[in-house]
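When a residue number appears, it is its place in the shown sequence, counting from 1. For ligands, and for the atoms within them, numbers begin at 1 and follow the listed sequence.
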Amino acid sequence: MTAPFPTPVTDESQRLLSPDELAAALRDIGARRYHNLHPFHRLLHDGKLNKDQVRAWALNRYYYQAMIPIKDAAVLARMEDASLRRIWRQRIVDHDGDAPGDGGIERWLKLAEGVGFTRDYVESTQGILSATRFSVDAYVHFVKERSLLEAIASSLTEMFSPTIISERVAGMLKNYDFITKDTLAYFDKRLTQAPRDADFALDYVQQHATTPQLQRQAMAALTFKCNVLWTQLDALYFAYVAPGMIPPDAWTPGTGLVPEAAATTTAQAAGTGTLGPHDVPRLPRGVRLRHDAVRDQHVLLAPERTFDLDANAVAVLEYVDGTRTVRDIAGLLAEKFTADRAVIEADILVMLNDLATKRVLER
Ligand SMILES: O=C(O)c1cc(C(=O)O)c2c(n1)C(=O)C(=O)c1cc(C(=O)O)[nH]c1-2
């Protein structure tokens with residue numbers, strides 16, 4: 001099989017790197033490709049997603065969590081050395097627990113329940129995006145088919161996860177009123193498990209990637225894994241942020257939820273659910289666009305609250321008249337600024353949904 005990513009054949013890539021240089025090269029891959037850089041994660045952590053978009057993330061990510069121990073069992077099955085297996089098996093215990101009700105998968109189910117899903121719906125995996133399934137399954141296949149060195153190297157994304165986890169937990173707690181510390185308890189343990197696992201894997205890769213070719217294989221494996229994570233977020237963004245094209249059998253807001261959560265979603269659907277390109281946004285009763293002459297600043301004036309608006313938001317809101325769809329507005333802005341309508345549409349959907357989350361816009 002050919003390498004998934006062509007590696008440039010230059011003199012530099014033929015050279016055997018020292019263990020420290022190899023570690024630096026691996027870190028550099030993460031610095032350029034790790035999923036903390038993905039726009040979906042930026043929106044998630046900055047509080048820019050609405051509840052349904054956060055739900056879509058929790059639901060899809062469950063599939064990743066559920067498959068990790070299967071992936072690790074596949075890696076374990078390839079290890080001929082009992083001392084290696086003894087260490088690796090801890091990963092399976094971390095996710096599966098030692099008893100029912102324990103372990104990482106269970107904690108992820110708590111997270112999904114915390115945002116309103118029924119456990120059965122999440123465990124059924126029926127609403128998961130096909131692209132999520134394809135990416136995660138590709139990871140499992142990769143560790144079965146490639147060398148043990150590549151399988152272990154592909155787990156090295158965990159070197160970068162503690163930073164994103166801290167950022168995510170702090171951001172989500174601060175920005176979403178429906179997220180509690182308990183809901184995010186999954187991540188507490190990962191903060192110690194991930195560095196422990198990553199240290200072991202890095203040490204293994206440094207010791208076993210003993211030729212330039214093996215070192216390149218390890219780097220390609222990590223690149224592949226970054227792409228496994230990245231494509232999952234691409235799929236979420238496309239389906240649930242912009243253009244908001246949910247594939248036929250994937251989860252749609254309002255389904256798979258416990259009755260109380262479904263009831264609030266239905267109530268919100270009339271007002272502030274996820275806005276898509278064909279929705280007609282409008283300002284709710286009592287919310288007005290005003291120019292504050294003293295500060296020379298446009299604001300949205302809502303009962304007991306005001307929101308400062310930047311020039312882009314003002315340009316969009318001037319077209320929000322309760323008759324135009326998001327797509328109409330994007331078309332007008334595209335003409336006005338001679339820009340690509342699809343790009344504008346994607347941007348304004350994020351902005352409008354942010355305002356909807358703050359309840360100063362509805363459809
Ligand atoms: O929250 C995250 O951003 C994140 C990233 C990663 C990762 O980088 O692969 C893992 C996890 N979480 C995680 O929770 C987890 O159990 C895990 C296992 C693995 C792996 O490749 O074996 N990665 C990750």
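Contact atoms of ligand 1 toward L229: 7 (C), 8 (O), 9 (O) (distance under 4.0 Å to a heavy atom of the residue). Atoms of ligand 1 lying under 4.0 Å from any heavy atom of R168, numbered from 1 in the order shown and given with element: 1 (O), 2 (C), 3 (O). Listed by number with element, the atoms of ligand 1 under 4.0 angstrom from any heavy atom of Y139 are 20 (C), 21 (O), 22 (O). The distance from ligand 1 to the heavy atoms of K71 drops below 4.0 Å at these ligand atoms: 20 (C), 21 (O), 22 (O). Distances below 4.0 Å separate heavy atoms of Y34 from the following atoms of ligand 1: 3 (O), 5 (C), 6 (C), 7 (C), 8 (O). Atoms of ligand 1 found under 4.0 Å from any heavy atom of I164, numbered from 1 in the order shown, are 3 (O). Interface of F187 with ligand 1, defined as ligand atoms under 4.0 Å from a residue heavy atom, comprises 1 (O).
Annotation: K225 places an N or O atom under 3.5 Å from an N or O atom of ligand 1; distance criterion only. Residue contacts with ligand 1: R61 is placed with a nitrogen or oxygen under 3.5 Å of a nitrogen or oxygen of the ligand (distance criterion only). Distances between N or O atoms of S161 and those of ligand 1 include no value under 3.5 Å. Considering both main-chain and side-chain atoms, H95 comes within under 3.5 Å of ligand 1 through a nitrogen or oxygen pair.
For the pair S166 (side chain) and P162 (backbone), a donor-acceptor distance under 3.5 Å is present. Remark: side-chain polar atoms of D28 are not paired, donor with acceptor, to backbone N or O of A24 under 3.5 angstrom. A distance-only check finds no donor-acceptor pair linking the side chain of R168 to the backbone of F187 [under 3.5 Å]. In this structure a side-chain-to-backbone donor-acceptor pair under 3.5 Å is missing from D203 to D199. One N or O on the side chain of Q53 and one on the backbone of N50 form a donor-acceptor pair closer than 3.5 Å. Checking side-chain atoms of Q232 against main-chain N and O of T132 turns up no donor-acceptor pair under 3.5 Å. Under a 3.5 Å cut-off, the side chain of D96 and the backbone N or O of I105 do not form any donor-acceptor pair. A side-chain donor-acceptor contact under 3.5 Å links R91 to the backbone of D197. Remark: the backbone N or O of T210 is not paired with any side-chain donor or acceptor of Q215 at under 3.5 angstrom.
With a heavy-atom cut-off of 4.0 Å, W108 does not touch ligand 1 at all. The side chain of I68, and not its backbone, has at least one atom closer than 4.0 Å to an atom of ligand 1 (non-hydrogen atoms only; side chain from C-beta on).
The protein heavy-atom contact nearest to atom 7 (C) of ligand 1 is T157 OG1, 3.3 Å. Looking only at heavy atoms of the protein, atom 23 (N) of ligand 1 is closest to Y64 OH, 3.2 Å. Nearest protein heavy-atom neighbour of atom 17 (C) of ligand 1: R190 NH2, 3.7 Å.
Distances from ligand 1 to the non-hydrogen atoms of H35 include at least one value under 4.0 Å. Within the 4.0 Å heavy-atom cutoff, Y186 counts among the residues contacting ligand 1.
Each of Y64, F117, Y62, W57 was checked for a ring pair (Phe, Tyr, Trp, His ring centres under 6.0 Å) with W108, and the lone residue meeting it is W57.
In this structure, the ring of W230 has its center no less than 6.0 angstrom from the ring center of H35.
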